[in-house]
Structures are given as C-alpha cells and as structure tokens.
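Working notes, beginning with the structure itself.
These figures come from a predicted structure and were not determined experimentally. One-based numbering, in listed order, for ligands and for the atoms of each.
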Amino acid sequence: MPDSSRPGREGVPIEEKTVYVPYMSDHVVAITGALRHHGIRCEALPPPDGDTLSIGLELCRGRECLPCFLVVGDLVRACRSPGFDPGHAAFFMPGSPGPCRFGQYRVLLRVLLDREGFADAEILSPTSENSYRGFGAHPRALRLLVWSGIVATDLLLELLHEFRPYELEPGATDIAYEHGLGRIRSALERGGGRALMAAMVAIAQDFAALPVDRSHSRPRIALLGEIYLMLSVHSNQQMIRQLEAAGAETVSGTLGEWLHFADETKMDRDLLFGTWLSFMGTKGLSTYQKSAEQKLRVPIEHLLRHPAEPTMREVLDMVRPYYDPLLGTETTLTLAKTVLLARRGVSGVVNVMPFSCMPGIVVAGIAPRVRADFGQLPWLDVIYDGQQLTNIRTRLEAFVHQVGQFARAHRTGGPA
Ligand code: SF4
C-alpha cells in the first residue's frame, strides 16, 4: 500500500489531498473522525443508491459481486461530481488477500479510474494482510483511534438493536442513536481517550432514559453473512428494521469482530510461516484492542441484556467441527458466529449474501449440518443481486413466525 507520508499520484502529498471514505455503514464516523484528528482532510461519500448501482453495472463486467458494483459506483459518482479534483483526491479502500473478490477491488478500481479519466485520484488501501496497519503519518495511533471508534459504533448499534424493538415512543431510540453517533464523531475528532469514554457515559444516560416495555420478549434472530451487506442498511433493504417490524429482535455481526478476525487469521499465517516478530506485534496489538474494547463497554454494560463475546480465538475454535478456520474467508466468521449465537439461544439465522458470493455459497452449503446440531435451527438465506427484493417482507414475516415457534419449543440454545 502507498506510504501516505510520501508524495502520492502526481507528486501531491497526502496532507494536501482530501480522503474520501465510502459509506458502507455508520462506522464511517470512526474513520473520518480519526482522520480529522490526525490532520487529514476527509469526507464520507454519500451512501450507495440507485445511481451508484447503475454506474457500477455500467462499468463492471457483470461477474462481480454486489458490493463491488456499489463501491465502483460510489467512487466514480464522486469523481464525476462537479468540482471534483482528482489530483487532490484519495479514496479509502481497505483490501484483503485470499480467494474472495474483495482482494481484487483495489486492482479493479485502479483500472476503472484510469480508464474513466481519473488516473490522478489515489487509492489508499490498508489490507487485512497486515491487520489494516500502515495508514497515515502516525499509522499505529491512527489505527488504534479508528479501532476505538469502530468499537464505540458497534456498541451503539448493539444498544439500538436491543432497545428499539421494545420502545414505547416510536422513533425515540433512533434519535438517541443519532445523538450517540454525533457524540462518537466529535470525541474522535478530539482524539478519543477520555473524550470517547465521556461520550459512552452520555450515550448510556440517553438510552437509560428511553421508555421501553420488555414484558413480552421477542424471538431473537442473528443477522450474519457477507460483511458489506450485513452492515449496509442502504444495501440490505433495512433488514434489521424489517425483522423488527415482523416481530423479532435482532443481533448482528459487527465490524469490530471482522478486525479481530483479520488479526487472528494473520497470526495463524505467521505461525504457519514462522514469522515470529510479526506474530508478536499482532498479538500485542490484538491484546491492547481487546482491553480497550472492554473499557468502552463498561459505561453501557448495565443496559445490555446479552453478554460480551469471548475472544475471537475461542469463537473460531467453535467452527472446527464444520470447517477448518485456516481455510479463511468470511465463511469461517459467519459459521463460527452462528455456533456461538446458537449456543447463546438465538432462535433463527438470516444469512445475507450477494449473488455469486463464494464465501456465502459455502456457508449456505455447510449450514444444514450446523442447523441439525441445534435442533434444526431456522435458517434463511437472502441473496441480493442489486434488484430490490419485492417479496422480502412476506418471506421475513413467515420466517419470524417459524422462529417464534422454534423459540417456544426450544427454550435453550442447543449443544454447548
Ligand atoms: S465476500 Fe462475497 S460479496 Fe464480499 S467481496 Fe467476497 S465474493 Fe464479493
């Protein structure tokens, strides 16, 4: 990846550019807030929409996956907007190695930006190969600040998903959530640390004041699968809201666990190849991150009804009866989380995946074995190809009904 302290394309140093961050989810505040604190000018791109998809479909060959179309569309839409200056622009585009197409996004984006006349626009691409290190003039500090923002956003989302289904004033939880997001953003711009802890305390007070009625608990569904679709409410047709409207409570996978997953897979590779120094560096970073995560959770812990997750190593070990974690890709994470949450009593799983997504297809293939071990845990694969899913509401209502029946029949989660 490019070293941002040296001149980028056309000799313009990164400090003189604007970094544009695609809007996968609200975690974008973690990246922009941290970049601003480090003196890097940045902007979040607008969330993906119909225009984005049209541009992506126009420029790609059609064999790519939906997140690829959307990311291509997001970047090119920004490039084509009035006043855009490619020579002073850099796009933030994390990558990943391995068989999944994600590792090729940056390559494809480079080709397409060059072809469309935006060769001067830089692509900044930290990668999971190095645990997403190496960005900015103070890469370690920046990475840790981004990390704390991602954890804070994950915790805020956890509150949202635990409170909203039981709110007595429609819309009140969304307002508390938006306030919380603003608090996190401004705390990160001030450097995180105490400011971020104070933001978490204020968030806890906002949520504690929400009137809720939990006298009738709802069946709990895990939303898992391909990370972009799982987290992007603009791309998954507001899946969590739809599940709530159908009568469920939802627990979703998080972005923070993806970063823990990247750390663990990197350490596995280091062990395999005997790169001990690299292993020790990641181990130290990972331990620090876990303890920072635990501290940020303290102010809101009393409001959450569900426990914190074990370490990613423990989670990944749960998948071994079904899949070797060394095979990697999101398949590992989705299946491991399924086992964890099934043990913790979720009564159904929605697995979201883009059309032709290889890790998603493998998950769907292995799922019957996992489901069988948990009393035929209800399972729904939802496949997105960029068209709006017209019958999704009916399917979700039927699924939530099935999940409710399962929850009544199985009060415990399955084999431990
Ligand atoms: S996980 Fe699936 S959808 Fe996501 S980049 Fe990889 S192949 Fe595409």
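Protein N/O/S atoms closer than 2.8 Å to atom 4 (Fe) of ligand 1, listed by chain and residue number, are Glu226 OE2.
Checking Glu43 against Thr18 by side-chain atom types alone, no donor-acceptor pair falls below 3.5 Å. Ser278 and Asp270 share a side-chain donor-acceptor pair at under 3.5 Å.
With hydrogens and angles disregarded, no donor-acceptor distance shorter than 3.5 Å links the side chain of Tyr166 to the backbone of Ser217.
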*List the steps, then state whether side-chain hydrogen bond (donor to acceptor under 3.5 Å, both in side chains) holds for Glu309 with His260.*
CA-CA 12 Å; Glu309 300 213 339; His260 279 309; over 6 Å; no

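Not less than 6.0 angstrom separates the ring centroid of Phe374 from the ring centroid of Phe406.
Summary of contacts: the protein heavy atom closest to atom 5 (S) of ligand 1 is Tyr105 OH, 3.3 Å.
By the side-chain hydrogen bond (donor to acceptor under 3.5 Å, both in side chains) test, Thr331 pairs with Thr329, sequence neighbours left out.
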